[in-house]
Amino acid sequence: MTITRRRFLQGSAAALAAAGCATAKTAGDLQPQSGRRVVVVGGGWGGATAAKYVRLADPSIEVILLEPNDRFVSCPFSNLVLSGVRPLSSLTFGYGDLRRNHGVTIVRAEATAIEPETKRVRVGEGYYTYDRLVVAPGVEFQWEQVEGLPQAKDTVLHAWKAGPQTTALAKQIQSMSDGGVFVISIPPVAYRCPPGPYERICQVAWYLKNTRPKSKVIVLDANENIVSKTALFRGVWQASYPNIDYRPRSRVVKVDPSTRTLTTEFGDAVTYDVVNLIPPQRAGTIAVQAGLVGDDKRWCQVDHVTYESVKHRNVHVVGDSTIGIPAPKSGNVANAMGKIAAVNIVNLLNGRPPSPLPPGNTCYSWINDREAIAVVNAYRIDNGKVVQIEQKLTPGPSAIYGQQAVGWATSIWSDILG
Amino acid sequence: MTHMRVLLAAGVLGVVVAATAALAAAGPLDGAGSKVLNCAACHGAAGQSRSDAMPILAGAHPVYFKKAIQDYASGKRLSPEMEPYAKQVLVLGLDEIAAYFAAQRREPSRVKLDAAAVERGRTASTQCAPCHGPAGKGDADKGVPDIGGQPPGYLRNQLLLFKAERRSPGDEAVTKMKALLKAVPDDTLGDLAAYYSSLR
Ligand SMILES: Cc1cc2nc3c(=O)[nH]c(=O)nc-3n(C[C@H](O)[C@H](O)[C@H](O)COP(=O)(O)OP(=O)(O)OC[C@H]3O[C@@H](n4cnc5c(N)ncnc54)[C@H](O)[C@@H]3O)c2cc1C
């Protein structure tokens, strides 16, 4: 409380000092509030969607979206960059339409702290006030869980946030020699995109099979078995990819780039030519710092209908940072959460009861350059909780599902940003 | 103190709420509009799909729409994507959702078409017209869908599925059409898809 008040005073002083000055403020109240306002932290699948949909649901509410990156890069389909099937540019989009079509104020900045007591989000020395806050920072990596990784972050790639690392890993794979070994390490659940690592394995195996027939893919999976679409992936690997060596219960605890070695918790050492180490994950740092995570110190519990945090009032969390809703950490679910949270934030701000709207999920996985498989989940709301109605899998891979995957991506990218 | 501030804020809010409630009441995301949000991930905003593979739902006749949802939910029309979502529609309210899409004006697909294919399709379409009508508008009451302006990839795929008896096997509503399609070469199905996609 004392801290808050002191900060408040500092803030007002800075605001006064800056008053009348036309240049962008960096301290104090960065944009004094005139009407009702929702601030969104993170312009990814969940946050950008929420920002757009608050404006769609009630254009009288001001929306400020805080996002440090000037471009949105889609993780979905980014495994196709590793196999050279798609360029990263085809997965990269601007935020301009959110401003032009929907009047979202986009601020290219990182939120540095959340003050739920005073309903403020800090950006460095300044802050934005809000009536309701949406926190959608995605995941952060738990580097310290793997010995040697904090020091080797720049060369031992995750490529688990689409961007420069995706292109860098693609380059490493493309410069492998025939006979070279690609090793991928999969973290224990819960992590972003349960089928994602297995789709990636298909893409790399497909690429190597066609261009480096003597090369192989070693999979060190911390989990007991393939986490998602188990039988489908297994079937595909058996039928098409003899170059995959899958090792379950192989949690990687150490990496040594000088000897190009990974060590598992059982002491097995595996050498690599190219490594893709996907570290264990938790909610984005801002969510952890703001005390939005639960006892696990990793993920955020939320109300299943409004996505309001169980920890702080007027703060809603959507996307990968959440836990407890029986839906996967997927872009599709983050998008659904963003929309539902937006509709219900607007309901609450207008004094109406929240609508019990359920999410849905579809994850397509590419098994080569043309064919895909999919898992689909639909949910309903039962006594205020999300409950699965049904999960369905494609019977097998098909080029039609590949075309439908493109249809999904086209629609959902424009649903988020268009 | 915090408490007072909250009360104060609530008071100010109350005035704003009163002023904007009327506006917000008619928003596009109220009622049925909020129940179709999940559909947009594949079918586009308000069912106006812009991709080649996903069908446009905007402007669908309610009788046809409801049959489609029921067929997916019962597993009669096979689609791993649609079966779970069809069941969600049944939970959320089929009539309301069918009425929502029927009320949207269809914006025809903008997927590029081969003009020669469109012309060949026009010629071949005479055999379809008895049921689908001269402009592809179908028959709202008889459950014949409006196929004009649908994306060509979707139409072609459905025609191939009908022909191979993989869409709604055994469904009597389509035995006649399937019998007809058996005699139509696959290339011509592509032409028919292009033609019906071109209709406005
Ligand atoms: C290889 C791969 C393949 C995938 N394939 C699929 C797929 O096919 N289908 C699917 O549905 N999902 C897929 N996913 C999962 C999907 O990408 C995630 O589930 C989705 O991105 C989660 O959305 P989010 O909004 O929670 O996080 P993100 O999309 O990661 O967005 C978080 C945003 O918050 C910003 N941010 C973080 N901290 C701050 C801060 N302090 N201030 C301001 N901004 C901040 C970040 O810059 C980022 O832009 C895949 C993921 C990977 C890695």
Side-chain angles (χ1 to χ4, degrees), chain A residues 1 35-36 53 56-61 117-119 131 313 332 335-336 339-340 342-344 346-347 349-352 355 357-362 364 373-381 388-395 400-412 414-415 418, chain B residues 1-2 5-6 9-10 12-14 16-21 23-25 27-31 33-45 47-55 72-73 75 78-92 151 153-154 156-157 160-161:
Chain A
M1 187 68 191
R36 295 168 307 156
Y53 273 84
L56 276 176
D58 188 342
S60 74
I61 298 170
E117 286 282 312
T118 49
K119 296 207 207 169
D131 295 304
R313 296 213 47 205
N332 200 144
N335 163 264
K339 288 190 260 195
I340 298 166
V343 165
N344 281 329
V346 169
N347 277 332
L349 286 175
N350 285 320
R352 298 184 302 226
S355 313
L357 299 171
N361 176 60
T362 307
Y364 291 97
I373 55 180
V375 60
V376 188
N377 313 75
Y379 306 89
R380 65 191 156 85
I381 301 290
Q388 181 167 287
I389 299 172
E390 183 179 48
Q391 166 165 295
K392 213 57 200 178
L393 294 152
T394 55
I400 289 174
Y401 301 130
Q403 289 155 15
Q404 281 160 193
V406 173
W408 169 84
T410 310
S411 299
I412 204 163
S414 115
D415 193 39
Chain B
M1 155 126 181
T2 322
R5 213 184 283 156
V6 170
V12 174
L13 222 91
V16 185
V17 170
T20 51
L23 261 178
L29 302 184
D30 296 318
S34 69
K35 297 182 180 179
V36 299
L37 290 177
N38 291 329
C39 319
C42 292
H43 293 288
Q48 307 281 8
S49 167
R50 299 294 84 183
S51 72
D52 194 19
M54 296 292 181
Y72 285 129
L78 292 171
S79 165
E81 287 106 319
M82 276 311 298
E83 189 176 326
Y85 281 105
K87 288 176 182 165
Q88 187 176 69
V89 171
L90 296 181
V91 169
L92 294 175
Y154 170 72
R156 181 171 171 276
N157 183 34
L160 288 168
L161 290 173

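Here is how names work: the chains are called A, B, and so on, in the same order as the sequence lines, proteins then strands, and each is numbered from 1.
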Determine whether the side chains of [X] and [Y] contain a donor N or O and an acceptor N or O closer than 3.5 Å.
X: A:R36; Y: A:S60; result: yes
X: A:Y53; Y: A:D415; result: yes
X: B:Y85; Y: A:E390; result: no
X: A:N344; Y: A:N347; result: yes
X: B:D52; Y: A:Q403; result: no

Chain B contact via [X] - side chain, backbone, both or neither, heavy atoms under 4.5 Å:
X: A:S411; result: both
X: A:P59; result: neither
X: A:L393; result: backbone
X: A:T362; result: both

Which atoms of B:L92 approach chain A - backbone, side chain, both or neither, heavy atom under 4.5 Å: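 For B:L92, the side chain is the part near chain A, not the backbone.
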Part of B:A45 within contact of chain A (heavy atom distance under 4.5 Å):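 Neither part, no heavy atoms under 4.5 Å.
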Rounded distance (nearest 0.5 Å) linking atom CD of A:Q388 with atom NZ of B:K87: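 The CD atom of A:Q388 sits 11.0 Å away from the NZ atom of B:K87.
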Which of B:G33, B:C39, B:G44, B:A40 touches chain A most, by non-hydrogen pairs under 4.5 Å: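 The answer is B:A40.
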